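So that the names make sense, note that chain A is the first sequence line, chain B the second, and so on, each numbered from 1. These numbers come from a predicted model, not from an experiment.
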Amino acid sequence: MENRLTIYNTLDRKKELFVPLHSPFVGMYVCGPTVYGDAHLGHARPAITFDILFRTLKYLGYKVRYVRNITDVGHLENDADSGEDKIAKKARLERLEPMEVVQYYMNRYHKTMELLNVLPPSIEPQASGHIIEQIEFIKRILDNGWAYVSNGSVYFDVEKYNEQYNYGKLSGRNIDELLETTRELDGQEEKKNSFDFALWKKASPEHIMRWPSPWSDGFPGWHMECSAMGTKYLGEQFDIHGGGMDLLFPHHECEIAQSVGATGKECVRYWMHNNMITINGKKMGKSLGNFITLDEFFTGSHPMLTQAYSPMTIRFFILQAHYRSTVDFSNEALMASEKGLERLMEGYARLLKLQPGADANNNLTEEIQRLEVKCEEALLDDLNTPIVISYLFEAVKTINSIADGKATISAADLQALKDMFKLFVEDLMGLQTQSEATGGNYEAYKKAIDLLLEMRLQAKANKDWTTSDNIRNQLTEFGFQIKDTKDGFEWNL
RNA sequence: GGUUCCUUGGCCGAGUGGCUAGGCACCGGUCUGCAAAACCGUCUACGGCGGUUCGAAUCCGCCAGGAACCUCCA
């Protein structure tokens, strides 16, 4: 296996050639959602970013096991180590069983991801289904002396750990700073130091989600699930761990400490972090309450939205920025993406209908090869999807000029161009054509529209403008867009 | 306050020492029964000040503005 992918590793803050631990196998873990509400635009970023990585790794021939967890326990409402479990709170408010809340939002999350054409991960473990593994993991850390029990809870001893290892190596922090800057929180008296984090938390009497353990009836700390489940499914050391930049500290830092504490080894070779989506320059997030859910985007049902945006528009919008840059939401930007995507996909549709012509004396063969190489280079250069897209637009220009009769294309070149679009647009960028997005009954429906437009063409030939405009206006009203071409018509919904 | 990062044309957004990315919008033209699309053309920017260099949007310093993290967050 030839290693050709370069990725930016947060650990040393530079791009590195990706070399798997056990080629051709690649283990990849990404922090998934906490299922206590609908997914918002921010959640689409890591899902799509690491979907591109998943697709790229498979394209390169690796055998990828992609684990993306569902957090359904252990996330606390207010303070790090006290307060009410988010799932339990929601359950109390809606008078539901906690697992009912989890199932409901998990189903909705899956539906949304499917609409965004995000491939399902290989394994999607739930934290609540891995309590035993988490308890065993905590035991190992305790046995190795990196944690202590206090009043039924177990805390990681950061100061002791830091004497031998480096707590803060991922986030670039050091514990002296942390001592000065960590806020005083409730329940801190149980801990030796304010920066110690909970591995296991004793449940207060009103806490519903609880499990027995050697230390107390309680629940695992938030950072525990990823360590335990990552280790279970990918081994003590695996290749890639991804997630949002906001998880860098403390979550991922704690994961490193936990795995070193339990196994003596660092769990992850390459840490990857996607940047945030902002709204009015501020991070879109649950806590700020400034989020717009993906469903709201799809239906346009949010006061800040001037229209609905299709799942593919959202996907394209995200892919038009590099994953390590912030990207600012605005209707203007989204509308520009919508138009751009339309241009790209119409170009693709035209390409599929193109007829080969004389092998003209143009340099199409070299041009197509060049674009293909450039697209691949950009993708393998730390997933530079905006550059991939820019080359695809160059190809669209070529397609349009052929469709316009300004150039001809040989059968071999046409096939090469079709293969290139199939590979980059569909397989790697995961942008769906209309027939895919609309599903099975598309063919019959397509024929019906075609028939109508054939009739309009007849009317036009007879200079019956009333009939032809009538058909066009009616279809437009139903949401279709009709375009006349040199020798016929094009349409889309 | 600490740490890290960012500032590109009307808007979005790549690039990171020399070779006008790309998309959207605008304007002009070709085509067209009309409209749309397509095609051709126009607009050509890198927060400010200094430094390094033959050459800087790209490297260094200072200043200004903004963000993320330091508390749950994708």
When you get a sec, tell me which of [options] is the closest nucleotide to the side chain of [X]?
X        : options             : answer
A/Arg456 : B/C34, B/A25, B/G22 : B/C34
A/Val327 : B/G13, B/A74, B/A67 : B/G13
A/Ser325 : B/A37, B/A38, B/A14 : B/A14
A/Asp469 : B/C72, B/C39, B/C34 : B/C34
A/Leu247 : B/A74, B/A37, B/A68 : B/A74
A/Ser390 : B/C24, B/G22, B/A14 : B/G22
A/Ala333 : B/G33, B/G13, B/C12 : B/C12
A/Arg13  : B/G22, B/C39, B/U4  : B/U4
A/Arg350 : B/A37, B/A74, B/G22 : B/A37
A/Asp246 : B/C39, B/C69, B/A37 : B/C69

Using a strict threshold of under 4.0 Å (side-chain N to carboxylate O), is an ion pair present between [Y] and [X]?
X        : Y        : answer
A/Glu367 : A/Lys397 : no
A/Lys483 : A/Glu346 : yes
A/Arg108 : A/Asp38  : yes

When all nucleic acid strands are considered with a 4.0 Å heavy-atom cut-off, which category describes [X]: base, sugar-phosphate, or nothing?
X        : value
A/Lys397 : sugar-phosphate
A/Ile277 : base
A/His40  : base
A/Met276 : base
A/Gly172 : sugar-phosphate
A/Met284 : base
A/Lys283 : base

N/O donor-acceptor pair, side chain [X] with base [N], under 3.5 angstrom:
X        : N     : result
A/Asn384 : B/G15 : no
A/Arg472 : B/A35 : yes
A/Ser171 : B/C69 : no
A/Asp484 : B/C34 : yes
A/Arg173 : B/C69 : yes

With a distance cut-off below 6.0 Å to the six-membered ring centre and an angular limit of 45° from the axis, does A/Lys286 pair with A/Phe291 as a cation-pi contact? yes
Quick check with a 6.0 Å cut-off and a 45 degree axis cone: is A/Arg456 positioned over the face of A/Phe489's six-membered ring? no
Nearest-angstrom distance, P atom, B/U71 to B/U3: 16 Å
Looking only at atom C1', what distance separates B/A57 and B/G47, rounded to whole Å?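 Their C1' atoms lie roughly 11 Å apart.
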Can you tell me the distance, in whole Å, between the NZ atom of A/Lys191 and the C1' atom of B/U71?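 About 10 Å, once rounded to whole Å.
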Euclidean distance, atom CE of residue A/Met335 to atom P of B/C26 [Å, nearest integer]: 12 Å
Looking at [N], I'd like to know if its phosphate oxygens (OP1 or OP2) sit under 4.0 Å from a side-chain N or O belonging to [X].
X        : N     : value
A/Lys483 : B/A35 : no
A/Arg324 : B/A68 : no
A/Asn400 : B/C39 : yes
A/Arg343 : B/A37 : no

Does A/Asn331 use its side chain to pair, donor to acceptor, with the backbone of A/Thr306 at less than 3.5 Å?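 A pair under 3.5 Å: yes.
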With the stacking rule set at 5.5 Å and 30°, tell me whether A/Trp465 counts as stacking on B/G33. yes
Nucleotide opposite [N] in a Watson-Crick or G-U pair, distances under 3.5 Å:
N     : result
B/U53 : none
B/A21 : none
B/U3  : B/A68

Starting at the 5' end of RNA chain B and moving along, which residue's nearest nucleotide shows up first, A/Phe249 or A/Ile482? A/Ile482
Can you see whether A/Asn69 engages A/Thr71 through a side-chain donor-acceptor pair at a distance of less than 3.5 angstrom? yes
Ignoring hydrogens and angles, state whether a donor on the side chain of A/Asn107 or A/Gln103 is under 3.5 Å from an acceptor on the partner side chain.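 Note: A/Asn107 and A/Gln103 side chains meet the donor-acceptor criterion.
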